[in-house]
Every structure is written in structure tokens, then in C-alpha cells.
Amino acid sequence: MSNAKKNIIVISTLIVIFSIYNFSVYNLRDYKQPVKLSSKAIQGQQLWQENNCWSCHQIYGLGGYLGPDLTNTFSNPKKGKEYIKTFLNSGIKSMPKFNFSEDEKESIAIFLKYIDSTGYYPNYEANFKLNGWVELKYKDEE
Ligand code: HEC
């Protein structure tokens with residue numbers, strides 16, 4: 001068999017294996033629907049972006065580091081909705097004093113509630129599988 005033919009066989013085999021692998025990764029695992037935000041939460045997200053909350057706060061560890069991570073502030077038994085709303089206009093420490101209306105404070109809290117519902121950060125319930133997958137504990141599996 002000529003070298004060219006061998007190369008074609010090897011490459012086609014690799015393409016087939018790659019396709020099967022991709023198919024299984026994207027179709028056979030239970031695919032999670034993205035969380036759909038309510039209009040209230042979208043309003044909160046806009047305020048979050050316009051006011052650069054990112055520059056000091058993280059969600060899932062991503063963002064600035066002057067303030068704390070806010071992924072699970074909403075469901076934290078010692079914190080929660082009223083706690084979040086109180087912080088917004090308080091101007092405590094290096095957090096700027098914002099001037100949000102009651103409606104805006106509510107929507108930011110609802111946005112953080114949605115974020116919170118998507119999972120844990122940090123997530124200590126990680127299970128490393130032999131096949132390379134890492135199984136994490138999600139909120140909707142409780
Ligand atoms: C310039 C930096 C900065 C910006 C911008 C900022 N924050 Fe903060 N934030 C902080 C700091 C620092 C703290 C911690 C204050 C403390 O512990 O006394 C904090 C605390 C908080 C807390 C309480 C968190 C907890 O777990 O105790 C919430 C909620 C919060 N910020 C929300 C927001 C939101 C929403 C925005 C945007 C509208 C925002 N912050 C913008 C610096 C910032």
C-alpha cells in the first residue's frame with residue numbers, strides 16, 4: 001500500500017474517532033439548559049454591569065478582588081436578600097455609596113439570586129472520574 005493511501009486511512013480513522021468522541025461528549029451527557037433570566041434579573045444584571053460591580057466583586061471566582069465573591073451570598077444563611085440590599089447604598093469601607101431606588105436594589109438582589117441558583121463557589125463536592133470527567137454537585141440535584 002502506498003504511503004499516501006496509508007495516510008488517508010490513518011487520518012480518516014482519526015476523524016471518525018474524533019467525531020464519535022465529540023458526539024458522545026455533547027449529546028450523551030445530560031445537557032443542562034441555560035438558566036433563563038426574568039426581566040427583573042436582567043435589569044439587575046444591567047445595573048451590575050453599568051456600575052462595575054465586577055471591578056471589585058467576583059462571581060465564580062472571576063472579577064476584581066477588593067470585595068468578596070458574591071456567587072452564594074443570596075443563599076448564605078447569615079446573609080441573603082435584605083443583607084445584599086442593605087449593602088448597596090451603605091457606602092461601607094471601600095465599596096462606593098450607590099444611590100439605588102428600592103426597585104433597583106430589588107433587581108440586583110434577584111440577579112444575585114439567579115446566580116446563586118446555578119451552583120456553588122467554591123465547590124468542594126468535586127468527584128474526579130477515571131475518564132477525565134469531574135463531577136460537580138449542582139444546586140438542582142439536591
Ligand atoms: C470599589 C469596589 C467596589 C465596588 C465597585 C462594589 N463593591 Fe460591593 N463591596 C466592596 C467591598 C470592599 C465590600 C466588603 C465591605 C465589608 O465587608 O465591610 C463589599 C461588599 C458587598 C456586599 C456584601 C457581601 C458580603 O458577602 O458581605 C454586597 C452584596 C456587594 N458589595 C454588592 C455590590 C454590588 C451589587 C455592586 C455594584 C452595584 C458593588 N458591590 C460594587 C467593594 C465594592
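Residue indices begin at 1 and follow the sequence shown. Counting starts at 1 for both ligands and their atoms, following the listed order. Not measured: the values here are computed from a predicted model.
- Formation of a donor-acceptor pair under 3.5 Å by the N76 side chain with backbone atoms of K78 is found in this model.
- By the 30° and 60° cut-offs, the orientation of the rings of W48 relative to W54 is perpendicular.
- D103 and S101 are not linked by any side-chain donor-acceptor pair at a separation below 3.5 angstrom, with hydrogens and angles left out of the test.
- Between F100 and F98, the ring-plane angle classifies as parallel under the 30° and 60° cut-offs.
- Not a single donor-acceptor pair under 3.5 Å links the side chain of S55 to the backbone N or O of G64.
- Taking a heavy-atom cut-off of under 4.0 Å, ligand 1 is surrounded by W48, N51, N52, C53, S55, C56, H57, L66, G67, P68, L70, T73, K79, Y83, I84, F87, L88, I92, K93, S94, M95, P96, F98, F100, I108.
- Side chain of Q58 to backbone of G67: a donor-acceptor contact under 3.5 angstrom is found.
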